[in-house]
Amino acid sequence: GSYYLEREGYDGLSHRRVAMVRVPSSDITLRVDVTSALSSLSKNKRRKIKRHGDTPPVEVANRIQELCRQAVRAYLER
């Protein structure tokens with residue numbers, strides 16, 4: 001299904017990296033945990049992304065998109 005990636009950031013409760021994804025067919029916003037996509041990066045690079053809002057490398061961005069796609073698919077199939 002289609003979706004809109006509204007924003008990425010850190011969840012204040014779990015302190016994990018999340019992506020906010022809006023599903024247009026139901027106006028639902030999903031929180032997708034994308035911490036696993038960043039695990040391949042060094043601790044220093046993860047900190048720079050968090051602190052300065054740097055963009056992640058292409059392969060990490062692709063993995064985040066894939067995690068979002070899987071979450072939307074799972075939501076629509078339930």
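Keep in mind that what you see is a predicted model, and the values were worked out from it rather than measured.
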query: For His15 and Asp11, what are the C-alpha separation, side-chain angles and deciding distance, and is it a side chain to side chain contact (heavy atoms under 4.5 Å, CB included)?
result: CA-CA 5 Å; His15 301 288; Asp11 186 4; over 6 Å; no

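Partners of Asp33 under the side-chain hydrogen bond (donor to acceptor under 3.5 Å, both in side chains) rule, at least two apart in sequence or in another chain, are Arg16, Thr35. For Arg46, the side chain to side chain contact (heavy atoms under 4.5 Å, CB included) test picks out Leu38, Leu41, Lys43, with sequence neighbours left out.
Minimum interatomic distance between Leu67 and Ala37 (heavy atoms only, all atoms of both residues): CD1-CB, 4.1 Å. The nearest pair of heavy atoms linking Ala19 to Cys68 is CB-SG, 3.9 Å.
With rounding to the nearest 0.5 angstrom, the CG atom of Asp54 is 14.5 Å from the CZ atom of Arg47. With rounding to the nearest 0.5 Å, the separation of OH in Tyr3 from CZ in Arg73 is 9.5 Å. Remark: Glu8 CD to Arg17 CZ distance equals 5.0 Å, nearest 0.5 Å. Atom CD1 of Ile64 and atom CD of Glu59 lie 10.5 Å apart (nearest 0.5 Å). Atoms CZ and OG, from Arg22 and Ser2 in turn, are 9.5 Å apart once rounded to the nearest 0.5 Å. Here CG of Leu30 is found 7.0 Å from OH of Tyr75. Values are rounded to the nearest 0.5 Å.
Salt-bridge formation is detected for the pair Arg69/Glu66: a Lys NZ or Arg NE/NH1/NH2 atom is positioned less than 4.0 Å from an Asp or Glu carboxylate oxygen.
The hydrophobic clustering, which links ILVMFWY residues whose side-chain heavy atoms are closer than 4.5 Å, places Met20 and Ile28 apart. Two different hydrophobic clusters hold Val18 and Leu5 under the rule that ILVMFWY side chains link at heavy-atom gaps under 4.5 Å. Leu76 and Tyr4 sit in two unconnected hydrophobic clusters of ILVMFWY residues. Membership requires side-chain heavy atoms under 4.5 Å apart, directly or through other members.
For Tyr10, the OH atom sits in a packed shell: over 12 heavy atoms of surrounding residues, nucleotides or ligands are nearer than 6.0 Å.
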